[in-house]
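Some notes on the structure that comes next.
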Amino acid sequence: MGDFKAGSTNAVVLAGMCTALAVVLSMIGLYMPLFSTIVFLLIPLPIAYLGMREGIQWSVIVTSGILILDSVFFGIVSAAFLCAIFGILGIVMGICYKHKIAAWKALIAGAVVVLIALVAEGLAALYVLGISSPILGGEGFTQMEQSMNEMLPSFYSGEALTQAQERVDVMMESIRKSIPFAMVAASFFYSWASMTLGKMIFQKMGIKDIPMLPALERWEMPRPVLYVYIAVVVAGYFLKPQGMMDYVLYNVEVGCVLIFWLQGLATLWWMPHKYPRVRPFRVLIVLLSFFVGLFQMMMVFLGMADMAVNYRKKRNYQ
């Protein structure tokens with residue numbers, strides 16, 4: 001099943017079908033932006049499925065075929081982006097599923113290869129094609145900031161314009177500083193989302209033995225994150241870091257806050273076991289946490305509290 005056999009008719013036919021499906025998904029994603037997020041996340045699945053069925057060698061062959069065909073149809077830049085991120089993610093997912101690697105390890109492995117692909121894409125765009133990528137900051141990011149400042153006089157004037165420009169400068173500086181965090185977070189999102197979609201689709205296909213992440217209410221983030229966060233806050237208060245140290249500490253702090261939010265999300269999803277009346281409001285609370293600072297702080301503190309005392313775990317998630 002996992003051995004490469006050049007004369008295997010079934011493997012060749014399946015590889016052709018998976019290649020065609022991935023190319024069609026690429027076409028839909030590139031030409032229908034409204035559906036691109038979901039469609040692109042589906043691209044790794046036929047590659048992973050082929051790796052499970054016929055061996056990882058076939059996944060590599062199919063990914064190479066997708067790169068060639070996408071280059072013909074869409075150009076090398078778009079093809080490189082799709083294959084570097086979603087094709088390689090599919091190969092890694094296939095390896096993890098075939099060898100029954102634990103779901104959390106598969107999640108991390110997928111995130112690592114996606115992160116490497118994102119960095120490689122940004123470097124290639126900058127040094128090979130001469131295109132400044134916002135992923136790595138630089139000229140492309142500066143142009144984005146200038147465009148926003150040029151739009152402000154259309155909406156503000158006088159003192160209000162000055163205040164709006166200051167807010168934009170602060171916001172853009174925060175975004176620029178958090179690029180490493182954003183890349184890591186996006187990598188984990190791509191890996192998690194493809195695994196989640198894969199779970200739904202593969203189960204409908206009758207494949208039940210792939211490693212799966214636990215239910216949301218049983219998610220447990222690493223407890224040492226709590227100590228890391230405390231250390232970062234103390235270091236920021238007493239050392240007054242500058243330059244690279246400030247850059248690193250800022251990204252670590254933002255990453256810790258996201259992890260606390262995820263722990264809070266898991267705790268909120270568990271709460272109906274103890275407080276049934278919470279159930280109808282869970283989705284609303286999560287949505288509000290994206291836009292309202294008070295709800296965001298509530299989710300973060302809920303996660304920190306649960307992480308500190310292991311409340312759900314001690315109750316055996318009941």
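All figures in this text were calculated on a predicted structure; none of them were measured in a lab.
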Mind listing the side-chain donor-acceptor pairs of residues 288-303 below 3.5 Å, one per line with the distance, residues two or more places apart or on another chain?
residue: Ser289; atom: OG; partner: Trp261; partner atom: NE1; Å: 3.2
residue: Ser289; atom: OG; partner: Val286; partner atom: O; Å: 2.5
residue: Gln296; atom: NE2; partner: Ser289; partner atom: O; Å: 3.3

message: Is there a side chain to side chain contact (heavy atoms under 4.5 Å, CB included) between Tyr229 and Met307? Walk through the geometry before answering.
response: CA-CA 12 Å; Tyr229 179 74; Met307 188 179 290; over 6 Å; no

message: Applying side chain to side chain contact (heavy atoms under 4.5 Å, CB included) to Phe86 and Ile66, what does each step give before you reach the verdict?
response: CA-CA 11 Å; Phe86 301 107; Ile66 296 168; over 6 Å; no

message: So does Pro214 get a backbone contact from the side chain of Trp219, meaning a donor-acceptor N/O pair under 3.5 Å?
response: yes

message: Check whether Ser191 reaches the backbone of Ser187 with its side chain - one donor and one acceptor, N or O, closer than 3.5 Å.
response: no

Heavy-atom closest contact ([X] atom, [Y] atom, distance):
{"X": "Phe188", "Y": "Leu107", "answer": "O-CD1, 4.0 Å"}
{"X": "Leu14", "Y": "Glu54", "answer": "CD2-CG, 4.0 Å"}
{"X": "Val92", "Y": "Ala109", "answer": "CG1-CB, 3.8 Å"}
{"X": "Gln263", "Y": "Met221", "answer": "OE1-N, 2.8 Å"}
{"X": "Gly94", "Y": "Ile56", "answer": "C-CD1, 3.7 Å"}
{"X": "Ala15", "Y": "Trp58", "answer": "CB-CE3, 3.7 Å"}

query: Can you tell me if CE on Met205 sees more than 12 non-hydrogen neighbours from other groups inside 6.0 Å?
result: yes

- prompt: Is Lys100 atom NZ crowded by more than 12 heavy atoms from other residues, nucleotides or ligands, each under 6.0 Å away?
  reply: yes

How many angstroms lie between atom [atom1] of [X] and atom [atom2] of [Y], to the nearest 0.5 angstrom?
{"X": "Ile259", "Y": "Met304", "atom1": "CD1", "atom2": "CE", "result": "12.0 Å"}
{"X": "Ile91", "Y": "Ile61", "atom1": "CD1", "atom2": "CD1", "result": "10.5 Å"}
{"X": "Thr267", "Y": "Leu216", "atom1": "OG1", "atom2": "CG", "result": "9.5 Å"}
{"X": "Ile85", "Y": "Leu115", "atom1": "CD1", "atom2": "CG", "result": "10.0 Å"}
{"X": "Asn310", "Y": "Arg223", "atom1": "CG", "atom2": "CZ", "result": "4.5 Å"}

In terms of hydrophobic clusters joined by side-chain contacts under 4.5 Å, are [X] and [Y] together?
{"X": "Tyr317", "Y": "Leu268", "value": "yes"}
{"X": "Leu265", "Y": "Leu226", "value": "yes"}
{"X": "Ile230", "Y": "Phe238", "value": "yes"}
{"X": "Val184", "Y": "Trp192", "value": "yes"}
{"X": "Ile28", "Y": "Val23", "value": "yes"}

field: Verdict with reasoning, Cys256 to Val232, per side chain to side chain contact (heavy atoms under 4.5 Å, CB included)
entry: CA-CA 10 Å; Cys256 289; Val232 168; 5.6 Å; no

- prompt: Does a side-chain N-to-carboxylate-O contact under 4.0 Å join Glu217 and Arg312?
  reply: no

Side chains of [X] and [Y]: does their closest heavy-atom pair fall under 4.5 Å?
{"X": "Thr63", "Y": "Leu67", "value": "no"}
{"X": "Met212", "Y": "Phe202", "value": "no"}
{"X": "Pro272", "Y": "Arg282", "value": "yes"}
{"X": "Lys199", "Y": "Leu213", "value": "no"}
{"X": "Tyr247", "Y": "Met244", "value": "yes"}
{"X": "Val254", "Y": "Tyr250", "value": "yes"}

Donor-acceptor contacts under 3.5 Å from residues 41-52 side chains, at least two apart:
residue: Tyr49; atom: OH; partner: Arg53; partner atom: NH1; Å: 2.7

- request: Test side chain to side chain contact (heavy atoms under 4.5 Å, CB included) on Ile207 and Tyr97 and set out the steps.
  value: CA-CA 11 Å; Ile207 303 174; Tyr97 291 161; over 6 Å; no

